[in-house]
*Asks:* 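Below: one structure in structure tokens.
Just so we're on the same page: letters track the sequence lines, and every chain starts at 1. Keep in mind that what you see is a predicted model, and the values were worked out from it rather than measured.
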Number of protein chains: 2
Amino acid sequence: MPNKTDRQRAIRELIEARPIGSQEELRRLLFGRGWDVTQSTLSRDLREMRLARVPTGDGVRYAFTSAAMAEDRPRLEELMPRFFQQVDGVSELCVLHTAAGGAQPVAEAIDLAQWPEVMGTIAGENTILIICRSAAGREKIQRKLRLLGRADG
Amino acid sequence: MPNKTDRQRAIRELIEARPIGSQEELRRLLFGRGWDVTQSTLSRDLREMRLARVPTGDGVRYAFTSAAMAEDRPRLEELMPRFFQQVDGVSELCVLHTAAGGAQPVAEAIDLAQWPEVMGTIAGENTILIICRSAAGREKIQRKLRLLGRADG
DNA sequence: ATGGACAATGAATAATCTTGCAAATCGCTC
DNA sequence: GAGCGATTTGCAAGATTATTCATTGTCCAT
């Protein structure tokens with residue numbers, strides 16, 4: 001498994017799926033999925049992905065934080081590979097799922113992009129509702145978003 | 001300075017006021033304010049306060065996280081009787097009203113339930129927008145929610 | 001293909017955080 | 001005030017994470 005972006009996507013999935021308390025543990029899980037990297041690399045990955053080690057009731061786990069988001073306003077091309085999970089839609093509505101905490105910044109970036117097909121957005125914690133001007137426009141938007149979500153946009 | 005609670009209050013103020021990247025740094029700052037404790041104690045304090053060490057653009061800082069809050073995820077059957085107020089909807093959209101503050105946790109529980117008819121949810125303070133895949137699906141969801149909303153769901 | 005700039009990685013090591021344990025302190029009751 | 005259980009803390013060892021340095025791999029432009 002070559003790609004760093006793919007590995008980080010795998011990391012994100014693992015992290016969100018269950019509590020992971022150390023980089024060693026994460027390393028073992030990744031190994032099971034076919035990635036063989038050292039703890040050093042994971043340290044760098046986690047930092048790059050802004051994953052924090054947060055104390056919980058019983059132990060500690062890596063997780064995304066809202067604090068990490070509220071820093072800068074990167075463009076969509078930077079946000080999407082990091083947060084994108086899936087898009088779906090009906091008629092003029094498009095629903096975009098992101099990693100936890102990703103909805104707010106991504107929605108803001110979509111607003112800034114000022115795509116003509118997009119009428120507006122509403123963002124929750126990890127879901128964005130994109131209201132489009134037409135069903136056709138919605139499909140176009142979905143394709144665009146999927147593309148942006150792929151590794152290295 | 002005797003009290004642990006007071007110390008933790010001071011810690012929170014410092015943490016919120018500026019980026020603090022290590023427990024040693026925090027220790028020094030506290031010392032300047034009259035608190036003299038060891039790093040061990042701070043480790044325990046931070047854990048107790050659920051303060052996470054989150055990576056930022058340039059370094060790392062302690063901060064409160066939303067992830068720390070969303071630890072226990074009660075199931076829908078427990079949440080609905082407590083928060084449900086009413087459901088309504090048009091075409092593929094379903095609007096669920098809850099008691100104040102109930103929207104966020106309830107929406108999360110709906111997400112976790114992964115109902116096939118539900119495409120996604122967006123929660124505000126006391127209102128949830130549920131986007132369904134079809135109008136028929138929406139009606140099914142509404143019935144299901146009403147049922148769950150009855151006492152002892 | 002070859003050379004060079006630059007990103008990615010591992011191994012070793014440094015920096016930082018966590019924890020077991022014993023001592024000190026606190027809160028109560030007598 | 002003395003006694004006693006529970007809480008808090010420091011110390012030092014243990015565990016985890018970050019970083020340095022060297023190496024490898026990639027992507028062009030020749």
*Asks:* Report all interatomic pairs (protein N or O, nucleotide N or O of nucleotides 16-18 of chain D) with separations under 3.5 Å.
*Replies:*
from    : atom 1 : to       : atom 2 : distance (Å)
dT16(D) : O3'    : Arg53(A) : NH2    : 3.2
dT17(D) : OP1    : Arg53(A) : NE     : 2.6
dT17(D) : OP1    : Arg53(A) : NH2    : 3.3
dT17(D) : OP1    : Tyr62(A) : OH     : 2.8
dT17(D) : OP2    : Gln23(A) : N      : 2.8
dA18(D) : OP2    : Gln23(A) : NE2    : 2.9
dA18(D) : OP2    : Ser43(A) : OG     : 2.9
dA18(D) : N7     : Gln39(A) : NE2    : 3.1
dA18(D) : N6     : Gln39(A) : OE1    : 3.2

*Asks:* Show your working on side-chain contact (heavy atoms from CB on, under 4.5 Å) between Glu48(A) and Lys4(A) and close with a plain yes or no.
*Replies:* CA-CA 11 Å; Glu48(A) 213 170 301; Lys4(A) 178 162 93 157; 3.0 Å; yes
*Asks:* For the residue pair Asn126(A) and Thr98(A), confirm or rule out a side-chain donor-acceptor distance under 3.5 Å.
*Replies:* no
*Asks:* Minimum heavy-atom separation for Thr56(B) to Val60(B), with atom names?
*Replies:* OG1-N, 4.0 Å
*Asks:* Starting from P on dT19(D), measure out to CD on Glu48(A) and report it in whole angstrom.
*Replies:* 13 Å
*Asks:* Kindly write out the residues that satisfy salt bridge (Lys or Arg N to Asp or Glu O under 4.0 Å) with Glu24(A), not counting sequence neighbours, or none if the list is empty.
*Replies:* Arg27(A), Arg28(A)
*Asks:* What's the angle between the local helix axes at either end of the helix from dA1(C)-dT30(D) to dC30(C)-dG1(D), using five pairs per end and rounding to 10 degrees?
*Replies:* 30°
*Asks:* Rounded to whole Å, how long is the line connecting atom CZ of Phe31(B) with atom P of dG10(D)?
*Replies:* 12 Å
*Asks:* Are side-chain heavy atoms of Ile130(B) and Met119(B) found at a separation under 4.5 Å?
*Replies:* no
*Asks:* Base, sugar-phosphate, or nothing: which does Asp45(A) touch, judged by heavy atoms less than 4.0 Å apart?
*Replies:* nothing
*Asks:* Can you measure Leu30(B) atom CG to dT9(D) atom C1' for me and round it to whole angstrom units?
*Replies:* 15 Å
*Asks:* Answer yes if the side chains of Gln85(A) and Glu16(A) hold a donor-acceptor pair under 3.5 Å, and no otherwise.
*Replies:* yes
*Asks:* With side chains defined as the heavy atoms from C-beta onward, is the minimum distance between Ile20(A) and Arg61(A) less than 4.5 Å?
*Replies:* no
*Asks:* Could you state the atom-to-atom distance from CZ of Arg7(B) to C1' of dG10(D) in whole Å?
*Replies:* 12 Å
*Asks:* Rounding to an integer number of Å, can you tell me how far Leu26(A) CG sits from dA15(D) P?
*Replies:* 20 Å
*Asks:* Nearest 0.5 Å, please: how far is CG in Leu14(B) from CZ in Arg33(B)?
*Replies:* 4.5 Å
*Asks:* Starting at CG of Asp6(A) and ending at C1' of dA8(C), how long is that distance when rounded to a whole Å?
*Replies:* 15 Å
*Asks:* Are the charged groups of Glu117(B) and Lys140(B) less than 4.0 angstrom apart, N to O?
*Replies:* yes
*Asks:* Figure out the CH2/C1' separation between Trp35(B) and dT9(D), and round it to whole Å.
*Replies:* 14 Å
